[in-house]
Structures are given as C-alpha cells and as structure tokens.
Protein chains: 2
Amino acid sequence: MLLCTRIAKALADDTRLRALASLGGGELCVCQVIALLGLAPSTVSRHMAVLDQAGLVEKRKVGRWAYYRMARKSPEPAVRNALRWVVDSLGSERVIRQDAGKLERIRQKPLQITARCYACA
Amino acid sequence: MLLCTRIAKALADDTRLRALASLGGGELCVCQVIALLGLAPSTVSRHMAVLDQAGLVEKRKVGRWAYYRMARKSPEPAVRNALRWVVDSLGSERVIRQDAGKLERIRQKPLQITARCYACA
DNA sequence: ACTATACTTCGTCAATCAACGAAATATAGG
DNA sequence: CCTATATTTCGTTGATTGACGAAGTATAGT
C-alpha cells in the first residue's frame, strides 16, 4: 500500500480526525482523549494505534499513562504535510472547536480524576 | 461527515490515488484512465464518481466522452490543499512514475483506439 | 505479594467498500 | 430510426472497518 494511502486511511474517519485534532494544542494522555470522545477505551486505543501506525502521532509511555502527540517532526514529508492539511482544514469545523472547548476543561483536571470517570468530562 | 473525512475517504485507496495522480499532467478521458489502471470500466467510473463527490476532480462531458481534471481551482481550501498534498507526496512513488510513463504512450493514441481495446495500452 | 488501575488485544457483529458483470443510459453515425 | 459505442447504474460477493465488552498486560500503591 502507498504511504499516502495509509495516511489517508488513518484520516478517513470523523472520530480519528477529532482525536488527531485534539492533539493540536499539545500532547494528551489517552484517558483525556477517551473523555473527550465519549467512546469505549478499547475503541479509542485502537484509533490511536491506527494514527500511530500511519506515523501521524508519536507515543510516550510513563508508568500506566500513555501520551500521544502529533508527529510534527516526522522525517516523512508526506506525514508533515498531511498534518498541516488536517490542522488547517479542521480549524473551521464546528465539532472541532467544541472539542477544543471541552478539552480546555479536561486539561484542568488531574489525569486521575479524568480516568476515574470518563463521562464526567 | 466532516469535509476532511469525505476527502480523506476518497484518497484512502491506492487505485483512486493513481487515478487522481494521473490527472496531474492535465485532463484525461475516462477511457484513458481505464486503460491506465487495467480495471473494469464500471469500477473506474465508480472511482471517478467518488473523487468527484469529494470535490477533488471536475467533470466535463463531450458527446459520449467524459473528461476529468483536478479541481485545482476549487473554492474549498481543504480541497486545494489536499490536492497539493497528494501531488507532492505521490511524485516520488514508483507506481505513480510508471503510470506517468504509460500515460505518455496512452496520450499519443486517439481516444477511439484506446477505448477500442483498453488492454492494448 | 496483592490489588487497583491504565491501557491494549482479541473476538464478534453490523455496516461499509472495492471489484465484477449485466443491464441501463445517452450520444454519434449510418 | 437503428445500431454501435462510451459511460454509468445496479446487484452481488468477499474483504475491511468501527463499535463494543471481555480478557490480557503492565505498572503503581499498599
């Protein structure tokens, strides 16, 4: 499969685009993305794995916590340009801005609180 | 569905990316794309329709012939940037360059010849 | 060591998708 | 008008996908 195809496949889903866009403001813990999206942890974990395999995000594990960030420094121009395209294009979308607002609140809580009750975000 | 998602879905397939990239050198007739890809006409027609519905290409019908070109002048920035991303990223792919070579030969034949025998390309 | 917890992997189900061939549509040419 | 032809639409089929919950892994705290 072409690299472009792999990247496009990773981007070809509303939920994954929201997850990726949520990282625009900086690194997030998986539990914060789960709280944002309101989906099952297993589902979100899978989505992040797909983004990771496409090279669009980078993962950092600290104890039990997993952090993801946009792969803005990727050696692949295709990845960097895809990220630019996504960030530019999604900025004007209603859902994405709503997410940004919700994220502001999520970021203010300690991770433990967020992980304790995802729905309480 | 987000506009970005629709675009990414349209790009999330090797065959469709090849079809789109083939338009990089200018407008093509559907029969030329069929000859290039070596797939059933109905399949190629469907792929072009998907690209069209995502706004990535524009269609022009002249008699029985259908011509497609990249929608480089699209009013949607998301579309224009997606096209730039694709063109930039696919240029270095082996298959795409092979296709470009094959296209050179296809372009030299009259459309009637190409349409008469797709496999003869 | 034992337990709680953060995340991932796996199995399943319904929905979507790409491919094809057959049939439909539409246009050109006799 | 009638036929040939370029493309599209439709129906089918096998493969992929996204969702979930259950089970597994790994780490922190007691």
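By convention in this document, chain letters (A, B, ...) are assigned in the order of the sequence lines, proteins followed by strands, and residues within each chain are numbered from 1. Computed from a prediction, not measured in an experiment: that's the story for all the values here.
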Side chain to side chain donor-acceptor pair (under 3.5 Å) partner of B:Thr5, the single match among A:Asp13, A:Thr15, A:Asp14 | A:Asp14
Find the distance between SG (B:Cys4) and CG (A:Leu90) and round it off to the nearest 0.5 Å.
-> 4.0 Å
Touch check for A:Tyr67, heavy atoms < 4.0 angstrom, all strands: base, sugar-phosphate only, or nothing?
-> nothing
Residue pairs fulfilling disulfide (SG to SG under 2.5 Å) with at least one residue in residues 18-101 of chain B, sequence neighbours excluded | none
Let me check something: any side-chain donor-acceptor pairs from residues 39-56 of chain A under 3.5 Å, sequence neighbours excluded? List them with distances.
from, atom 1, to, atom 2, distance (Å)
A:His47, ND1, A:Arg16, NH1, 3.2

Would you say the side chain of B:Gln98 lies within less than 4.5 Å of the side chain of B:Arg94, judging by non-hydrogen atoms?
-> yes
Qualifying disulfide (SG to SG under 2.5 Å) pairs with a residue from residues 33-86 of chain B, counting only residues at least two apart or across chains | none
Between C:dT5 atom P and A:Ile34 atom CD1, what is the distance in whole Å?
-> 15 Å
OP1 or OP2 of C:dT16 sitting under 4.0 Å from any side-chain N/O of A:Lys9?
-> no
Looking at A:Ser22 and A:Ala19, what are the two nearest heavy atoms and their distance?
-> OG-O, 2.5 Å
Of all of residues 23-30 of chain B, which get a heavy atom below 4.0 angstrom from DNA chain C, listed by number?
-> none
Could you tabulate the donor-acceptor pairs under 3.5 Å formed by side-chain atoms of residues 109-121 of chain B, not counting sequence neighbours?
from, atom 1, to, atom 2, distance (Å)
B:Lys109, NZ, B:Cys120, O, 3.2

Side-chain donor-acceptor pairs under 3.5 Å in residues 63-79 of chain A, sequence neighbours left out?
from, atom 1, to, atom 2, distance (Å)
A:Arg69, NE, A:Glu58, OE1, 3.3
A:Arg69, NH2, A:Glu58, OE1, 3.0
A:Ser74, OG, A:Glu76, N, 3.0

Note, A:Leu83 side chain near A:Leu20 side chain (heavy atom, < 4.5 Å) = yes
For B:Asp99, which residues count as a salt bridge (charged side-chain N to carboxylate O under 4.0 Å, His left out) partner, sequence neighbours excluded?
-> B:Arg18
In sequence, state the C-alpha distance, the side-chain angles, and the governing distance for B:Glu27 and B:Leu23, and then conclude on side chain to side chain contact (heavy atoms under 4.5 Å, CB included).
-> CA-CA 6 Å; B:Glu27 189 177 66; B:Leu23 305 178; over 6 Å; no
Quick tally for nucleotides 25-30 of chain C: nucleotides whose base has a protein heavy atom under 4.0 Å get B, sugar-phosphate-only ones S, the rest -, giving --BS--
Applying side chain to side chain contact (heavy atoms under 4.5 Å, CB included), run through A:Leu36 and A:Leu28 and close with a yes or a no.
-> CA-CA 11 Å; A:Leu36 172 71; A:Leu28 284 181; 5.7 Å; no
Rounded to the nearest 0.5 Å, how far does CG of A:Leu11 lie from NZ of A:Lys9?
-> 12.0 Å
So the contacted stretch of DNA chain D, first to last nucleotide with an atom under 4.0 Å from a non-hydrogen atom of chain B, runs from D:dA4 to D:dT9
How far apart are the C-alpha atoms of A:Leu3 and B:Glu93, what are their side-chain angles, what is the distance that settles it, and do they pass the side chain to side chain contact (heavy atoms under 4.5 Å, CB included) test?
-> CA-CA 9 Å; A:Leu3 173 59; B:Glu93 293 279 3; 3.9 Å; yes
Shortest non-hydrogen contact between B:Ser92 and B:Ser89, atoms and distance | OG-O, 3.5 Å
Close approaches to DNA chain D from residues 12-22 of chain A, in residue order (heavy atom, under 4.0 Å) | A:Asp13, A:Thr15, A:Arg16
Residues touching DNA chain D, which here means a heavy atom under 4.0 Å, drawn from residues 39-54 of chain B | B:Pro41, B:Ser42, B:Ser45
Which residues in residues 113-121 of chain B have at least one heavy atom lying under 4.0 Å from any atom of DNA chain C?
-> none
